[in-house]
A.B. asks: 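Handing you this structure, nothing more for now.
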There are 2 protein chains.
Amino acid sequence: MTIQQIRYFLVLAKELHFWNTAEKVFISQSSLSRQIQALEDELQIQLFERDKRNVKLTNAGKFLQEQWIEKINEFDQIIRQAKKIDDGKAGTISITYPGSITYDFLPKFLEVLNNNIPELKLELTEPTDENHEKLLLSFETDIAFSRDKIKNANIDSLKLYSEPICLVVPKNHRFLKNNIAEIENEKFIISGLHQTTFFASLLRTWFSKNRIEPKIIIESDFGGMILNLVSKGLGISILPLSFKSALIENIEFIELEETIDLYINWRQNELNNAIKKVIELAEGIRER
Amino acid sequence: MTIQQIRYFLVLAKELHFWNTAEKVFISQSSLSRQIQALEDELQIQLFERDKRNVKLTNAGKFLQEQWIEKINEFDQIIRQAKKIDDGKAGTISITYPGSITYDFLPKFLEVLNNNIPELKLELTEPTDENHEKLLLSFETDIAFSRDKIKNANIDSLKLYSEPICLVVPKNHRFLKNNIAEIENEKFIISGLHQTTFFASLLRTWFSKNRIEPKIIIESDFGGMILNLVSKGLGISILPLSFKSALIENIEFIELEETIDLYINWRQNELNNAIKKVIELAEGIRER
DNA sequence: TCAACTAATGCAAAAACAGCATTACTGATG
DNA sequence: CATCAGTAATGCTGTTTTTGCATTAGTTGA
């Protein structure tokens, strides 16, 4: 059984037409017909019901289509990862991170990487869903920065630092002079509280602990946007202190009691030396 | 790339010896050598470092060995499952169940199955670890009976019935005449409370709710054994009412307030008609 | 220096595969 | 009812790939 045969099968299962499929996979109709027959023979499973005119998946065929699509993707991903390991330092490594470290920690970290492994190529992504666990284990990413600790037997985690979260207000806001009072009357520009991200849940907890039902006028998950709107006087927000490094005009940060952590996460028993080196450097930063 | 090549690779990765490997996989050494070369060529990844005398896995090779062992197993399991679907009613379906339904529900259910689908072949297992979720999704089982509801988007669950849990005591035990008092002085024969099974956690809750620290003299997860020891007067136990159907001599059941449920669980969108029919029959039983 | 080991390779036979042309059957059309 | 277009399977032939044998070439230890 060939991986290629499985790919042919998957295209045919979608097209349900030998000629079209043959064209798509760049072989002749007769060859395709025989490849599929060979596959059916080897598996001893009928995949398609076909008469001289129609092609239809059997139940077993439908099942294999579902399952194989997934497995073949995983398969390809594994090979891509193996290539990275084979390339060694020349390979590209993927890093995912929460937007809140864009202005402060991340640039510093990238500078350290560049000084120590100048030949390293990086791919940076800010994941929309925050399932770091899955992203790491399926090799879609190599290093994941996260705000909460990942608890998984196959993932190692290390806390890098804690920082306060802050009220973010325009310059000259009354909060800066008086005590923080009647916060409930303020308009908030804030990430959607229904989100499942760790920061959203921290915000929910903070609001409920302080018995505040915030008046949210704009929801945005993009910190840069929030800062900008606050600086224009459209409302106030709550963000980790790191955002101060964005150096936006007309903004002040008021530290709150609450703190938030930053973790670095990676696959246990990583074999890729470049990734191992990056982790070491992160550990080094923490020790300082 | 052939599945077969990957299998060759996996054997060689373990043996690290071309001749031995060739013998094990029933091809000649030269053929094996060329198959591995072809694999390396196609992947563009060096899998082994070899001189004229030694064979050693590269890092990328180690990685692929780890990953492929797993994927190939999943692959085989998928094909086995597809075969079952292809066989239709003639196939064997796998059922896992908690020991507590051995004497009451399960025999009745098997009778219903036998009356309705006499040609069905069954494989029954009492899983030691209770990870029904994984067993179902990896196709190691087809139908899982469980005491707690499985919450997983890819698994469907149905509650079949509730039953009380009972104190199980020898005949003529004082509890049968008086109120249940000074239970703390009784010796318990019971499943290990540290277990992660749903029943163990239910027991823990019950004991703590009633502020009892049970004196456990024998731990056993096997209901039949527990019944036997209770009947011999060695202690008392707590079990679901179902065990009454075991019809052991010299035993009485005292119903408690607490109840426990039985669920049947299966993969959503099951394609195997035999499995679908079994689920239907289970639903039918419930409606009665 | 020699013998034992072991992975790679040249070679010829065998097997598998590819594509062309054709067959065989189905449905639709007039 | 005859004809035609559509479609999957198959016979055939040339090409490519794979196989195993025998041999080579490098390594290790005596």
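To find a chain, count down the sequence lines: A is the first, B the second, and so on, and within it residues start at 1.
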A.B. asks: Sequence neighbours excluded, which residues qualify as salt bridge (Lys or Arg N to Asp or Glu O under 4.0 Å) partners of A:Glu70?
C.D. replies: none
A.B. asks: May I have the distance from B:Asn20 (atom CG) to C:dT6 (atom C1'), rounded to whole angstrom?
C.D. replies: 11 Å
A.B. asks: Return the set of residues passing salt bridge (Lys or Arg N to Asp or Glu O under 4.0 Å) with B:Arg34 (not counting sequence neighbours), or none when no residue passes.
C.D. replies: none
A.B. asks: What is the distance, rounded to the nearest whole Å, between atom CZ of B:Phe26 and atom P of D:dT19?
C.D. replies: 15 Å
A.B. asks: Do any pairs count as a ring-ring contact (aromatic ring centres under 6.0 Å, His included) and have a residue in residues 110-129 of chain B, sequence neighbours left out, and if so which ones?
C.D. replies: none
A.B. asks: Find the distance A:Glu42:CD to C:dA16:C1' and express it as a whole number of Å.
C.D. replies: 13 Å
A.B. asks: Could you check how far CG of A:Leu32 sits from C1' of C:dC20, rounded to whole Å?
C.D. replies: 16 Å
A.B. asks: With sequence neighbours left out, write down each residue that passes side-chain contact (heavy atoms from CB on, under 4.5 Å) with A:Gln77, or none if nothing qualifies.
C.D. replies: A:Arg80, A:Phe139, A:Glu140
A.B. asks: Which atom pairs link the protein and nucleotides 25-27 of chain D when you take only N or O atoms and keep those under 3.5 Å?
C.D. replies:
from, atom 1, to, atom 2, distance (Å)
D:dT27, O2, B:Arg53, NH1, 3.1

A.B. asks: Write down the protein N/O and nucleotide N/O pairs, taken from nucleotides 9-13 of chain C, whose separation is under 3.5 Å; answer none if there are no such pairs.
C.D. replies:
from, atom 1, to, atom 2, distance (Å)
C:dG10, O6, B:Arg34, NH2, 2.9

A.B. asks: Starting at CD of A:Gln35 and ending at P of D:dT16, how long is that distance when rounded to a whole Å?
C.D. replies: 17 Å
A.B. asks: In whole angstroms, how far is the P atom of D:dA8 from the CD atom of A:Glu15?
C.D. replies: 11 Å
A.B. asks: State whether A:Arg50 and A:Glu40 are salt-bridged, where the test is any N-O pair (Lys NZ or Arg NE/NH1/NH2 against Asp/Glu carboxylate O) under 4.0 Å.
C.D. replies: yes
A.B. asks: Once side chain to side chain donor-acceptor pair (under 3.5 Å) is applied, what residue pairs with a partner in residues 2-13 of chain A remain, sequence neighbours excluded?
C.D. replies: A:Gln5-A:Gln35, A:Arg7-A:Asp76
A.B. asks: Round to the nearest Å and state the distance from B:Asp41 atom CG to C:dA8 atom P.
C.D. replies: 12 Å
A.B. asks: Using the side-chain contact (heavy atoms from CB on, under 4.5 Å) criterion, which residues pair with B:Leu158? Sequence neighbours excluded.
C.D. replies: B:Leu160, B:Ile264, B:Trp266, B:Glu283, B:Arg286
A.B. asks: So, using side-chain contact (heavy atoms from CB on, under 4.5 Å) as the criterion, who are the partners of A:Pro107 when residues are at least two apart?
C.D. replies: none
A.B. asks: Starting the side chain at C-beta, find the nucleotide from D:dT7, C:dG19, C:dA7 nearest to A:His17.
C.D. replies: D:dT7
A.B. asks: When you measure from every atom of DNA chain D, which of residues 3-14 of chain B have a heavy atom less than 4.0 Å away?
C.D. replies: none
A.B. asks: Are A:Lys83 and A:Asp87 close enough for a salt bridge, meaning some N to O gap below 4.0 Å?
C.D. replies: no
A.B. asks: How would you list all residue pairs meeting ring-ring contact (aromatic ring centres under 6.0 Å, His included) that involve residues 100-128 of chain B, not counting sequence neighbours?
C.D. replies: B:Tyr103-B:Phe243, B:Phe105-B:Phe109, B:Phe105-B:Phe145, B:Phe105-B:Tyr161, B:Phe109-B:Phe145
A.B. asks: Which residues pass the side-chain contact (heavy atoms from CB on, under 4.5 Å) test with B:Glu126, sequence neighbours left out?
C.D. replies: B:Tyr97, B:Thr102
A.B. asks: Tell me: CH2 of A:Trp19 to P of D:dA8, nearest whole Å?
C.D. replies: 8 Å
